[in-house]
Number of protein chains: 4
Amino acid sequence: MTSAPPPTHRTGGGRTGRPRSADADRAILAATREALVELGWSKLTMGDVAARAGVAKTTLYRRWAGKSELVVDAVAALFDEHLELPDRGSLGADVEGVVLQFAALLERPETKTALMAVVAESTRDDALRDRIRSAIVDRQKTLVLVGRERAQARGELPAEPDASAAARNADLIFDVIAGAVVHRTLVSAEPVDAEWARAFTALLVGGLTAAAAGYTDPAA
Amino acid sequence: MTSAPPPTHRTGGGRTGRPRSADADRAILAATREALVELGWSKLTMGDVAARAGVAKTTLYRRWAGKSELVVDAVAALFDEHLELPDRGSLGADVEGVVLQFAALLERPETKTALMAVVAESTRDDALRDRIRSAIVDRQKTLVLVGRERAQARGELPAEPDASAAARNADLIFDVIAGAVVHRTLVSAEPVDAEWARAFTALLVGGLTAAAAGYTDPAA
Amino acid sequence: MTSAPPPTHRTGGGRTGRPRSADADRAILAATREALVELGWSKLTMGDVAARAGVAKTTLYRRWAGKSELVVDAVAALFDEHLELPDRGSLGADVEGVVLQFAALLERPETKTALMAVVAESTRDDALRDRIRSAIVDRQKTLVLVGRERAQARGELPAEPDASAAARNADLIFDVIAGAVVHRTLVSAEPVDAEWARAFTALLVGGLTAAAAGYTDPAA
Amino acid sequence: MTSAPPPTHRTGGGRTGRPRSADADRAILAATREALVELGWSKLTMGDVAARAGVAKTTLYRRWAGKSELVVDAVAALFDEHLELPDRGSLGADVEGVVLQFAALLERPETKTALMAVVAESTRDDALRDRIRSAIVDRQKTLVLVGRERAQARGELPAEPDASAAARNADLIFDVIAGAVVHRTLVSAEPVDAEWARAFTALLVGGLTAAAAGYTDPAA
DNA sequence: ATCTAACCGAGACGGTACGTCTCGTCTTGCG
DNA sequence: CGCAAGACGAGACGTACCGTCTCGGTTAGAT
């Protein structure tokens, strides 16, 4: 992923008056990431971010409704910057690569402390959930789509029967990959090293291949 | 799981004086869950919990170091109460059952709002991480061990080569199951219905079976 | 009093560029009075006045240094408009008349809330004190001078011995009349009705007459 | 006047819990007076007072509703401390004495900046008006009653015809004295020196004596 | 039958951050 | 160049919780 994250847009359609400073946006998001590293989510305050950015608190509140929204935008940029899917020649190698990339991203103190916090917050705030989805989740889901296309082109995976099944499967694979890496890193608090990545990939690719071979629960 | 969660233990070895009220413990944890349902994690306050429990703030702080510790204990009880592994006759059926149980638990507002919040908090607090691990994670990991034993007894899965590999595999399976369900529920914010549980189980059991059949990345 | 209050004068001698709008001055002062009525002194803000007047905040600050200066000019106009000294035939009647006029002016919400506020402000701001003096105090002091001249012409009061004593006495009478009415209205918060005006006038005119008769403290 | 001003009283009749610190009350009122001297009314902030008093902002707000209430209590103490009515042997001498005392009090920066400000504020706040009345105005009104009794005992003034007239006259005299001194000091911004005090006293005592002699407006 | 240590409720305490408001200044682009 | 619009840095507002600290009073085991 490379394109810039959606910064913030003026709500009203006004055209007069002094325009908002684009420098301020950049300084605020950088200050937010810096503060996340030093303080973590729960000790990060809007006032502190404003001070680090050399900006008044009002300027923050004019652009973001609160800490959660600000942090989502601040970390979304990191996802765009650090996740990509270089072609490594096989489905397994591609999966291993993205797993290690994602794990490295989650080892960063900014993401580690922020990601679950905003997700937790989003369980009570629909607008925040949508923001997370559009700024982070949906953008990274394309990694799965690209990876699957490549595997299909290589003949490692069969074509999807229809568009609906294709979308369902992509969502499932995304949840399995992202969920396993997040859980290993943040809940189990164990490192995602090369060995784990290999074992996880074996499990996942095995499952995808078996499914292609027509698995059904023998007890069903 | 059925046994009660470890409530709180007096730190000092004192033996004289008025003993702590056990009623208070129960009232506080119940009040905490109630407040989580009504307010969510971020709006829950110690003072509010104390008031609901009919207890002074001092009494809370005498037993728990803070909101995170209190909430971990309050939700840990729910995990013990609502997760079990009845024998459904096949590995796939057992997995599907536990996935649906876990999803139902995560749909409850108390767990939904609290779980990721305390995990986020734990990224900066080692004591909290240990508390989560011992009160929740490790206790539920036995579900995987029991399920695998049954599958091995049924002949669905081979025996593990050695104890170390057995532990690594159990951890991996646990992270994959728990991670996928959590991610689907809280991050993707989509329901874990019977269809999803079936598709996920097919993927997982397929992977386990393929691995048993000796999968290795063909590109490796 | 009838002539307009001194609005504002351009400081710099600039002559080029777009001239200032005289409409704006009127609209701003009217908006200020309106806001004083609705909000009172302490809740009145420059931004609110600007919005009411349909004017940019910049325009206000270009003409007045702050809230105090603006309000002084806004209420000074009311003093000029509502205080006059019609000849009622006797010193007592003239005093009673002006007392009731002044009381009526102080009952208006604009003056009631603003007058003491700007006076309080002026205790720490010499420029503001001068502005109050020239825009309000000195202008109304002529009422005393005119009244005394009439009374002297009628023979109710003797001529002043010299100019210095004349000025001192006029100041004293002004402070007594204005002070008593203000204190009754704003501090004691009791109405200045016809009865009070009569009693006050009796006291004042009695004192002036006694002084003319050569009062000295018998104990001195 | 000597007795202490009414500090603050707990609203609820509760008897449990940690009692309020009396030291804090004293420190806060002293800090308020100090801040008034240094900063004046409009630049005085609750946060600054709290910091000077070595007290949290919440402690201020627990006891006083706002800046106005706090300042009324802080300056009321000065009135009690600095105004008294020693017997100087004649009505005129007593009046001159209290006029000079009051003027000295009004020359203090705390009172000068605060008194008119809270009066201005009280025009929009009935509770504040009552507080000013009970903490300051009514307490000092006894000076007039005592002075009149003495003058009557000396035979300088006749007895009042009835209680209602006595109260009306006392109020009138109080408004005339206090109003004249306040207006001279704060509005005209001229000093109340011995000469002015003598001239004012002559006017007032002359009026009181003339009234006793049966003045009526000749034009009425 | 006391003693006595630790408990309990209530609520004040010094702090910190909140999110909002107003201040007075500084860009913008239009006329 | 004046003007309306509105963003800007600054900082006070009054509120909410934090976690700690008195208070007076209760409770139960050890003496």
Side-chain angles (χ1 to χ4, degrees), chain A residues 10 12 14-21 23-24 42-48 50-51 53-67, chain B residues 10 12 14-21 23-24 43-51 53-67, chain C residues 14-21 24 42-48 50-51 53-62 64-67, chain D residues 10 12 14-21 23-24 42-48 50-51 53-67:
Chain A
R10 201 195 289 234
R15 69 212 88 271
T16 66
R18 179 171 170 177
R20 291 197 180 155
S21 161
D23 287 354
S42 64
K43 296 207 148 67
L44 177 149
T45 70
M46 295 297 269
D48 186 77
V55 140
K57 253 194 316 171
T58 34
T59 299
L60 258 79
Y61 282 108
R62 215 173 278 123
R63 298 167 192 222
W64 287 278
K67 179 164 137 170
Chain B
R10 200 195 289 239
R15 72 210 90 272
T16 67
R18 178 173 171 178
R20 290 193 181 155
S21 159
D23 287 354
K43 297 209 149 66
L44 177 148
T45 69
M46 295 295 271
D48 187 75
V49 170
V55 140
K57 262 199 304 174
T58 334
T59 301
L60 259 78
Y61 282 108
R62 214 173 279 125
R63 300 169 192 218
W64 286 277
K67 177 164 139 170
Chain C
R15 70 213 90 267
T16 67
R18 177 168 168 181
R20 291 190 180 159
S21 159
S42 64
K43 296 206 148 63
L44 177 147
T45 69
M46 296 295 270
D48 187 75
V55 141
K57 265 199 302 174
T58 332
T59 302
L60 258 78
Y61 283 108
R62 212 174 282 124
W64 286 277
K67 178 164 139 171
Chain D
R10 202 195 286 236
R15 69 211 87 267
T16 67
R18 178 169 168 177
R20 290 196 179 156
S21 159
D23 287 354
S42 65
K43 297 208 150 66
L44 178 147
T45 68
M46 295 295 270
D48 187 77
V55 140
K57 250 196 316 170
T58 37
T59 299
L60 260 79
Y61 282 108
R62 214 173 279 125
R63 299 170 191 218
W64 287 278
K67 180 165 137 170

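Each chain gets a letter, A, B and so on, in the order its sequence line appears, and its residues count up from 1. Fair warning: this is a prediction, and the values are worked out from it, not measured in the lab.
- Residues satisfying the side-chain contact (heavy atoms from CB on, under 4.5 Å) test with C/Ala50, not counting sequence neighbours, are C/Lys57, C/Leu60.
- Rounded to whole angstrom, the span from the CG atom of A/Leu60 across to the P atom of F/dG11 amounts to 17 Å.
- In this structure A/Thr45 satisfies the side-chain contact (heavy atoms from CB on, under 4.5 Å) test together with A/Asp48, sequence neighbours excluded.
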Might you list the N or O atoms of the protein lying below 3.5 Å from N or O atoms in nucleotides 13-18 of chain E, with each pair's distance?
| unit_1 | atom_1 | unit_2 | atom_2 | d |
| --- | --- | --- | --- | --- |
| E/dC13 | OP1 | D/Ser21 | N | 3.2 |
| E/dC13 | OP1 | D/Arg63 | NH2 | 2.1 |
| E/dC13 | OP2 | D/Arg62 | NH1 | 2.9 |
| E/dC13 | OP2 | D/Arg63 | NH2 | 3.3 |
| E/dG14 | OP2 | D/Ala56 | N | 3.2 |
| E/dG14 | OP2 | D/Thr59 | OG1 | 2.6 |
| E/dG15 | O6 | D/Thr58 | OG1 | 3.4 |
| E/dC18 | OP1 | A/Met46 | N | 3.0 |
| E/dC18 | OP2 | A/Met46 | N | 3.2 |
| E/dC18 | OP2 | A/Gly47 | N | 3.3 |

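- Residues satisfying the side-chain contact (heavy atoms from CB on, under 4.5 Å) criterion with C/Thr58, sequence neighbours excluded, are C/Ala56, C/Arg62.
- Rounded to whole Å, atom P of F/dC13 lies 16 Å from atom CH2 of D/Trp64.
- The side-chain hydrogen bond (donor to acceptor under 3.5 Å, both in side chains) search around D/Thr59 returns none, not counting sequence neighbours.
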